[in-house]
2 protein chains.
Amino acid sequence: MSKSEVEELPVPRGGDVVPCCPPITAGELSQADAERMAAMFKALSDPVRLRLFSKIASHPGGEACVCDIADVGVSQPTVSHHLKKLREAGLLTSERRGTWVYYQVAPSVVAGMAALLDVRD
Amino acid sequence: MSKSEVEELPVPRGGDVVPCCPPITAGELSQADAERMAAMFKALSDPVRLRLFSKIASHPGGEACVCDIADVGVSQPTVSHHLKKLREAGLLTSERRGTWVYYQVAPSVVAGMAALLDVRD
DNA sequence: ACCTTGATTCGACGTCTGTCGATACAGCCG
DNA sequence: CGGCTGTATCGACAGACGTCGAATCAAGGT
């Protein structure tokens, strides 16, 4: 087994919109859908991760170097740990360019979360 | 101190839209905003809570009796515990009518979460 | 080669969280 | 009143989580 670790969610790249789940008002979530979505919400359920995510999302192009966003009040290993969590949840992708590592938001995945929360009544 | 417990977020009722936070692409979240939003995402970060929430949201009128949604595979005290968490996060309100307790979704709060995740690029 | 800088992994620690059974509370109905 | 049903609280416990310092890996520069 070459990947016994936490399974990394596949991250769709490009402009394709991935309808992860119907709006939550459309019907009950299945057990499987609930677990997948819960994992994504859990990734954003920490203030540090939320700030890291917002720093990346608000950077031009939706991407940022770790060194640009590391100032969130915790140690640098902790920042790395949180970025890994966000990446494993499929909300971010990472790419090494020379000395630095750049993280990008996965827009379609985040849009899927927003679509789930469409509760207009 | 009459409420030394977990502080319950105020739940706006009625049709008024509450712009909790600007889209996450608009700029970095402040520490305080990050903590408030993280608390909401944390409330939806559990599969059981997500299924309870979806059952209520998909009920007509966005409200449901506990007895109608309690079948999610965990014990009744655990269901009650999760509903309390969702209520404390401001995502649900509760109301006792006779023997039964009805939970309703707080649409504007959920809409605020969705607005935060507006990451169109 | 070596050292420096950026980033990840490792190991440990205290805290928070989800779960349960037992118990208590709130209304209805005989 | 006394029992019954629906819901909430309590106390306990195992497992997950966030954090850190130390160590390791990756690229560049001198």
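Worth saying up front: this structure is predicted, and the values here are computed from it rather than measured. Just so it is clear, the values below take in all heavy atoms, side chains as well, and ignore hydrogens, waters and symmetry mates.
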Any A:S75 side-chain N or O less than 4.0 Å from OP1/OP2 of D:dC20: yes
Identify every side-chain donor-acceptor pair in residues 53-66 of chain B under 3.5 Å, counting partners at least two apart or on other chains, and give the distances.
{"residue": "B:S54", "atom": "OG", "partner": "A:L29", "partner atom": "N", "Å": "3.0"}
{"residue": "B:S54", "atom": "OG", "partner": "B:R51", "partner atom": "O", "Å": "3.2"}
{"residue": "B:K55", "atom": "NZ", "partner": "B:D71", "partner atom": "O", "Å": "3.3"}
{"residue": "B:S58", "atom": "OG", "partner": "B:S54", "partner atom": "O", "Å": "2.8"}
{"residue": "B:S58", "atom": "OG", "partner": "B:K55", "partner atom": "O", "Å": "3.4"}
{"residue": "B:E63", "atom": "OE1", "partner": "B:Q104", "partner atom": "NE2", "Å": "3.3"}
{"residue": "B:E63", "atom": "OE2", "partner": "B:R97", "partner atom": "NH2", "Å": "2.4"}

Mind checking A:H82 for me? I need base, sugar-phosphate or nothing, with any heavy atom below 4.0 Å counting as a touch. sugar-phosphate
When you check the phosphate oxygens OP1 and OP2 of D:dT7, does a side-chain N or O of B:S80 lie under 4.0 Å from one of them? no
Which nucleotide sits closest to the side chain of A:R87: C:dT8, D:dG18, D:dA8? C:dT8
To the nearest 0.5 angstrom, please state how far the CG atom of A:L83 sits from the CD1 atom of A:I69. 5.0 Å
Any side-chain heavy atom of A:V72 sitting closer than 4.5 Å to one from B:Q31? no
Rounded to the nearest angstrom, tell me the gap between atom CD1 in A:I69 and atom C1' in C:dA7. 12 Å
Rounded to whole Å, the CG-P distance (B:L44 to C:dG18) equals 12 Å
Nearest whole angstrom, please: distance from the C1' of C:dA7 to the CH2 of A:W100. 12 Å
Whole-Å distance, A:L83 CG to C:dT8 C1', equals 11 Å
So, the side chain of B:R87 versus the backbone of B:A89: is there a donor-acceptor pair under 3.5 Å, distance only? no
If you find the nucleotide of DNA chain D closest to B:P77 and the one closest to A:V74, which residue's nucleotide is nearer the 5' end? B:P77
Might you list the N or O atoms of the protein lying below 3.5 Å from N or O atoms in nucleotides 27-30 of chain D, with each pair's distance?
none

Please determine, for the side chain of B:Q76, which listed nucleotide (D:dT19, C:dT17, D:dA8) has the closest atom? D:dA8
Verify the contact: side-chain N or O of A:K85 to OP1 or OP2 of D:dG18, cut-off strictly under 4.0 Å; return yes or no. yes
Quickly work out the B:E88 CD to C:dG18 P distance and round it to whole Å. 11 Å
Measure from CG on A:L52 to P on C:dA7 and round the result to the nearest Å. 12 Å
Gap between atoms CG and P, on A:L50 and D:dC17 respectively (whole Å): 17 Å
What residues, two or more places apart in sequence or in another chain, satisfy salt bridge (Lys or Arg N to Asp or Glu O under 4.0 Å) together with B:D46? none
I want to confirm an ordering. Mapping B:A70 and A:D46 to their closest nucleotides on DNA chain D, which one lands closer to the 5' end? B:A70
Give the intermediate values and the outcome of side chain to side chain contact (heavy atoms under 4.5 Å, CB included) for residues A:I24 and B:V110. CA-CA 11 Å; A:I24 210 167; B:V110 181; 6.0 Å; no
Rounded distance (Å) that lies between atom P of D:dC17 and atom NE2 of A:H81: 8 Å
Indicate yes or no: at least one non-hydrogen side-chain atom of B:Y102 is less than 4.5 angstrom from one of B:S94. no
Proximal nucleotide (of D:dA8, D:dT19, D:dG6) relative to the B:C67 side chain: D:dG6
Is there a side-chain polar atom (N or O) of A:K84 under 4.0 Å from OP1 or OP2 of C:dT9? yes
Can you tell me if the side-chain N/O atoms of B:Y103 get under 4.0 Å from OP1 or OP2 in D:dG6? no
Within this structure, what is the NZ-OH distance for the pair A:K84 and A:Y103, rounded to the nearest 0.5 Å? 9.5 Å
